[in-house]
Amino acid sequence: MAAGVRSTRASAAVERLKRRTGTTTYSMARTGDGHFFLAERAGAPPLCPPMELDDFVKFVDGLGPQPEKRITKNDAAFEKQLVRKKQP
């Protein structure tokens with residue numbers, strides 16, 4: 001995977017975190033060996049140790065309030081049917 005794609009995926013995770021929390025000061029940095037870390041603002045101490053891309057994205061996506069899971073009308077109806085079938 002190209003370095004630019006890696007950085008884009010990591011920065012997209014940070015942008016999602018900024019939207020979820022309303023905090024626009026989060027800053028991502030990349031180490032010389034290609035690992036990523038997050039700070040509350042540029043120059044602040046890191047909030048995590050340097051991580052591989054997948055671990056970093058998973059860490060950042062787990063921070064802050066989580067987005068509500070979108071559910072379609074069909075999914076809702078199906079879940080209702082499952083609940084009814086489980087009841088004796």
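Across Phe56 and Phe37, no two heavy atoms sit closer than the pair CE1-C, 3.5 Å. Between Val57 and Arg16, the shortest heavy-atom distance links the atoms CG1-NH2, 4.0 Å. Taking both residues in full, the closest heavy atoms of Pro50 and His35 are given as CB-CB, 3.7 Å, listed atom of the first, atom of the second, then distance. For the residue pair Ala44 and Ala39, the shortest heavy atom distance occurs at O-CB, 3.7 Å. Heavy atoms only, all atoms of each residue included: Leu38 and Cys48 are closest at N-SG, 3.6 Å.
Between atom CZ of residue Phe59 and atom CG of residue Leu17 there is a gap of 9.0 Å, rounded to the nearest 0.5 Å. The OG1 atom of Thr24 sits 9.5 Å away from atom CD of Glu15, with the distance rounded to the nearest 0.5 Å. A distance of 12.0 Å separates CE of Met51 from OG1 of Thr31, quoted to the nearest 0.5 Å.
For the pair Asp75 and Arg70, the salt-bridge criterion is not met [side-chain N within less than 4.0 Å of a carboxylate O].
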- Message: Quick one, Leu47 with Tyr26, criterion side-chain contact (heavy atoms from CB on, under 4.5 Å). Give me CA distance, side-chain angles, the key distance, then yes/no.
- Response: CA-CA 10 Å; Leu47 297 173; Tyr26 282 112; 3.8 Å; yes

- Dump the intermediate steps for side-chain contact (heavy atoms from CB on, under 4.5 Å) on Arg20 and Asp61, then the final yes or no. CA-CA 10 Å; Arg20 285 194 316 271; Asp61 283 345; 4.3 Å; yes

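Other residues, nucleotides and ligands contribute only 12 or fewer heavy atoms inside 6.0 Å of the NZ atom of Lys58.
When side chains are defined from C-beta on, Ile71 counts as touching Glu79, because their heavy atoms get closer than 4.5 Å.
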